[in-house]
Amino acid sequence: EARQAPREQVEDVYTRIPIRYVEVIEHTFSKMSQLNNDEELSNADKVEIYRTFFNLEFEDLVSRPTSGKNEYSEALVSEISKQLTDQKYRIPEEIYYKLPGLGQQQIIAMESSAIEIANRLMGGRITNAEEPRAKVAEQVLASNLQNTTAREIVQEIIRFAIVPNTFYDQAATMEARQQAEEAVEPIYIGKNEVIVQKGEPITPELYQLLANNDLLRDSTNYWPVLG
């Protein structure tokens with residue numbers, strides 16, 4: 001029981017991972033540049049392609065959330081996938097119809113603003129993506145973008161790219177609790193050793209020591225043993 005107390009005091013461990021949100025933004029604007037420049041496709045075709053693109057881009061993010069080959073526990077990988085999926089941002093339908101109307105110069109200006117704003121909002125530890133997403137509109141309004149449609153679309157792309165980057169780590173939590181438990185030094189009590197003198201105040205630490213040695217049962221008088 002003496003070891004159990006410090007173990008239970010260890011809070012859940014959350015691990016921050018390097019989510020590749022900038023890549024998501026870069027892929028999006030690269031697709032916009034390529035697709036909007038294709039004169040052989042109708043706007044209706046482009047709208048459908050954009051719908052598919054955002055769905056596939058998010059699926060790829062869930063399956064490959066980081067750029068590096070980081071070794072995460074199976075439980076953490078599962079938690080990352082769950083949280084990303086649960087907190088997916090859904091692009092409003094009307095945005096798909098506005099995307100094909102953007103010109104190349106607009107797209108270039110929008111991309112730099114989007115990355116700059118996303119970097120600011122993703123700079124901390126994020127478990128709930130709704131919090132930074134709520135700040136996007138204010139950040140875009142303060143940017144150099146002047147066109148209303150461009151601002152609106154940039155807001156949605158940033159919100160789409162913003163996802164949690166900090167996740168409950170079951171393996172790290174269990175390890176931290178195990179270390180806390182093992183750090184407790186055992187206390188050995190010799191036979192007939194006096195633990196507390198009669199009339200001595202019982203401190204919380206002393207009470208725990210008595211409890212750990214099963215010396216608090218009401219039905220037995222331990223005062224001769226305790227001095």
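Atoms CG and CG, from Leu35 and Leu41 in turn, are 6.0 Å apart once rounded to the nearest 0.5 Å. Gln139 CD to Ile158 CD1: the interatomic distance, rounded to the nearest 0.5 Å, is 8.5 Å. Remark: Thr15 OG1 to Gln170 CD distance equals 12.0 Å, nearest 0.5 Å. Note that CG of Leu61 is 9.5 Å distant from OG1 of Thr85, once rounded to the nearest 0.5 Å. Asn43 contributes atom CG, which lies 10.5 Å from atom CG of Leu99 (distance to the nearest 0.5 angstrom). The CG atom of Asn55 sits 7.0 Å away from atom OG1 of Thr52, with the distance rounded to the nearest 0.5 Å.
A donor-acceptor pair shorter than 3.5 Å can be found between the side chains of Arg159 and Gln155. When only modelled atom types and interatomic distance are considered, Glu48 and Tyr96 share no side-chain donor-acceptor pair under 3.5 Å. Side chain to side chain, Ser42 and Asp45 meet the donor-acceptor criterion of an N or O pair below 3.5 Å. Side-chain atoms of Asn165 and Tyr21 include no donor-acceptor pair closer than 3.5 Å. A donor-acceptor contact closer than 3.5 angstrom is absent between the side chains of Thr28 and Glu57.
Contact of the Phe167 side chain with the Ile17 side chain is registered, since non-hydrogen atoms from C-beta on lie closer than 4.5 Å. Looking at Lys88 and Leu84, their side chains never come closer than 4.5 Å, going by heavy atoms from C-beta outward. Between Tyr50 and Met32, some side-chain heavy-atom pair lies under the 4.5 Å cut-off. Taking the side chain as every heavy atom from C-beta outward, Lys31 and His27 never approach each other to under 4.5 Å.
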What donor-acceptor contacts under 3.5 angstrom involve side-chain atoms of residues 100-112, with partners at least two apart or in another chain?
| unit_1 | atom_1 | unit_2 | atom_2 | d |
| --- | --- | --- | --- | --- |
| Gln104 | OE1 | Ser33 | OG | 2.6 |
| Gln104 | NE2 | Ser33 | O | 3.1 |
| Gln106 | OE1 | Gly103 | N | 3.1 |
| Ser112 | OG | Ala109 | O | 3.0 |

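Across every non-hydrogen atom of Tyr14 and Thr166, the tightest pair is CB-CG2, 3.6 Å. In plain terms, the two heavy atoms of Ser143 and Ile117 that are nearest each other are CB-CD1, 4.4 Å. The heavy-atom pair separating Asn36 from Lys46 by the smallest distance is O-NZ, 3.6 Å. Residues Glu156 and Pro92 share a closest heavy-atom pair of OE1-CD, 3.2 Å. Heavy-atom minimum distance, Val24 versus Ala161: CG1-CB, 4.3 Å. When all heavy atoms of Leu121 and Pro132 are compared, the closest pair comes out as CD1-O, 3.6 Å.
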Would you check, one step at a time, whether the test ring-ring contact (aromatic ring centres under 6.0 Å, His included) holds for Phe54 with Phe160?
CA-CA 9 Å; Phe54 279 103; Phe160 176 78; 5.1 Å; yes
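Under a 4.0 Å N-O distance rule, the pair Glu94/Lys98 does not qualify as a salt bridge. A salt bridge between Arg20 and Asp60 is present, with a side-chain N of the basic residue lying under 4.0 Å from a carboxylate O of the acidic one. The residues Glu93 and Arg51 are annotated as salt-bridged, a charged nitrogen and a carboxylate oxygen being separated by less than 4.0 angstrom. Classification of Arg133 and Glu130 as a salt-bridged pair holds, one side-chain N sitting under 4.0 Å from a carboxylate O.
A donor-acceptor pair under 3.5 Å links the side-chain atoms of Thr173 to the main chain of Asp169, judged by distance alone. Not one N or O on the side chain of Ser30 forms a donor-acceptor pair closer than 3.5 Å with the backbone of Glu26. Checked by atom type and distance alone, the side chain of Ser81 never pairs as donor or acceptor with a backbone atom of Val77 at under 3.5 Å. Looking only at distances, a side-chain donor or acceptor of Gln87 sits under 3.5 Å from a matching main-chain atom of Ala129.
Note on Met174: it does not cluster hydrophobically with Leu76, by side-chain heavy-atom contacts below 4.5 Å among ILVMFWY residues. Note: the hydrophobic cluster containing Ile80 also contains Val62 (ILVMFWY, side chain heavy atoms under 4.5 Å, direct or indirect links). Criterion: ILVMFWY side-chain heavy atoms under 4.5 Å apart, direct or through other members. Under it, Phe29 and Ile115 are part of a common hydrophobic cluster. Tracing side-chain contacts under 4.5 Å through hydrophobic residues (I, L, V, M, F, W, Y), one reaches Tyr97 starting from Val154; they form part of the same cluster. Put simply, Ile19 and Tyr72 are part of the same group of oily side chains (I, L, V, M, F, W, Y) that touch within less than 4.5 Å, one to the next.
With a 6.0 Å radius and a threshold of 12 heavy atoms from other residues, nucleotides or ligands, Gln34 has its CD atom above the threshold. For Asn144, the CG atom sits in a loose shell: 12 or fewer heavy atoms of surrounding residues, nucleotides or ligands are nearer than 6.0 Å.
When hydrophobic side chains of Ile, Leu, Val, Met, Phe, Trp and Tyr are connected at separations under 4.5 Å, Leu141 ends up as a singleton with no cluster partners.
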